[in-house]
Amino acid sequence: MATDSEAAEPAVPSLVDRYFTRWYKADVKGKSCEDHCILQHSNRICVITLAESHPVLQSGKTIKSISYQISTNCSRLQNKVSGKFKRGAQFLTELAPLCKIYCSDGEEYTVSSCVRGRLMEVNENILHKPSILQEKPSTEGYIAVVLPKFEESKSITEGLLTQKQYEEVMVKRINATTATS
């Protein structure tokens with residue numbers, strides 16, 4: 001049984017909340033509600049995840065498969081990084097596709113990088129167990145890790161939304177949908 005003093009104590013922040021700054025990209029490539037979350041660490045590493053409002057996480061969809069095969073000649077799984085200067089890493093632009101998510105209802109979603117930089121790794125665990133993408137999107141269900149160029153590490157957040165700005169966008173969406181119904 002919890003006492004009143006225990007209930008009043010604030011919850012301990014999660015590892016992600018403690019060490020990462022959340023940035024959001026709303027309506028990626030103009031597709032409504034396809035929002036991505038970028039977790040930026042103080043060492044400038046960015047972890048690409050799905051935002052809480054992404055259709056894959058919202059509507060209780062079942063993920064059939066995930067593919068890092070972007071085109072016939074490009075697979076993010078072929079990314080091999082080595083050495084101090086991260087040789088062999090694929091360079092990504094903001095709109096570069098990272099993976100495709102296929103749902104059992106026939107819907108297909110493309111996850112984009114949202115930041116310029118080198119692809120450090122992709123999460124191969126979601127290939128074998130796609131459900132962790134929905135169960136733990138900010139931790140074990142991440143999509144990829146990207147390292148921005150040092151010179152660009154301050155400017156990568158331009159065009160991205162803070163947590164507060166993103167919440168305002170979500171409120172506007174909710175108000176727009178309730179006004180049309």
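For the numbers below, each heavy atom of this structure counts, side chains included, while hydrogens, waters and symmetry mates do not.
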Quick one: sort the His41 and Tyr19 rings into parallel, tilted or perpendicular, breaks at 30° and 60°.
-> parallel
Do Tyr109 and Tyr24 belong to the same hydrophobic cluster, where Ile, Leu, Val, Met, Phe, Trp and Tyr are linked whenever their side-chain heavy atoms lie under 4.5 Å apart, directly or via other members?
-> no
Any side-chain heavy atom of Val111 within less than 4.5 Å of one from Pro97?
-> no
Consider only side-chain heavy atoms of I, L, V, M, F, W and Y, link residues closer than 4.5 Å, and tell whether Phe91 and Leu147 are in one cluster.
-> no
Evaluate the side chain to side chain donor-acceptor pair (under 3.5 Å) criterion for residues Glu52 and Tyr166: first the C-alpha distance (whole Å), next the side-chain angles of each, then the deciding distance (0.1 Å), finally the verdict.
-> CA-CA 11 Å; Glu52 303 86 36; Tyr166 181 67; 5.0 Å; no
What distance separates Glu94 CD from Leu92 CG, expressed to the nearest 0.5 Å?
-> 10.0 Å
Close side-chain approach of Ile70 and Arg76, heavy atoms under 4.5 Å | yes
Does the side chain of Ile66 come within less than 4.5 Å of Tyr102's, by heavy atoms?
-> no
Give the minimum heavy-atom separation between Ile132 and Glu140, together with the two atoms involved.
-> CD1-O, 3.5 Å
Roughly how far apart are Cys46 SG and Leu39 CG, rounded to 0.5 Å?
-> 8.5 Å
Is there a side chain to side chain contact (heavy atoms under 4.5 Å, CB included) between Cys103 and Lys61 once you walk through the steps?
-> CA-CA 7 Å; Cys103 296; Lys61 291 183 181 278; 3.9 Å; yes
Hey, what do you get for CD1 (Ile38) to CH2 (Trp23), rounding to the nearest 0.5 Å?
-> 10.0 Å
Identify whether Ile126 and Leu119 are in the same connected component of the hydrophobic contact network (ILVMFWY, side-chain heavy atoms under 4.5 Å).
-> yes
Sub-4.5 Å side-chain heavy-atom contact between Glu108 and Lys100 = yes
Would you mind reporting whether Ile63 and Gln134 have side-chain heavy atoms less than 4.5 Å apart?
-> yes
Looking only at heavy atoms, what is the nearest atom pair of Leu98 and Ala144, with distance?
-> CD1-CB, 4.0 Å
Heavy-atom distance under 4.5 Å between the side chains of Val146 and Arg118, does that happen here?
-> no
Separation between CG of Leu95 and OG1 of Thr110, rounded to the nearest 0.5 Å = 11.5 Å
So, do Pro137 and His54 sit near enough that their side-chain heavy atoms are less than 4.5 Å apart?
-> no
Minimum heavy-atom distance between Met170 and Ser53, given as atom pair plus value | CE-CB, 3.3 Å
Answer whether the closest heavy-atom distance between the side chains of Val169 and Arg173 falls below 4.5 Å.
-> yes
To the nearest 0.5 angstrom, please state how far the CD1 atom of Ile143 sits from the OH atom of Tyr68.
-> 5.5 Å
Not counting sequence neighbours, which residues clear side chain to side chain contact (heavy atoms under 4.5 Å, CB included) with Ser112? List them please.
-> Val28, Lys29, His36
Distance (rounded to the nearest 0.5 Å) between Glu124 CD and Leu77 CG = 5.5 Å
Of the non-hydrogen atoms in Leu160 and Gln165, which two are nearest, and what is the gap between them?
-> O-OE1, 4.0 Å
Would Thr49 and Leu133 satisfy side chain to side chain contact (heavy atoms under 4.5 Å, CB included), going step by step from the backbone distance to the final call?
-> CA-CA 9 Å; Thr49 67; Leu133 183 65; over 6 Å; no
Measure across Ala26 and Leu161 and return the closest heavy-atom pair with its distance rounded to 0.1 Å.
-> CB-CD1, 4.0 Å
Check the pair Asp35, Lys25 against salt bridge (Lys or Arg N to Asp or Glu O under 4.0 Å), reporting the backbone distance first and the verdict last.
-> CA-CA 6 Å; Asp35 305 339; Lys25 182 78 173 178; over 6 Å; no
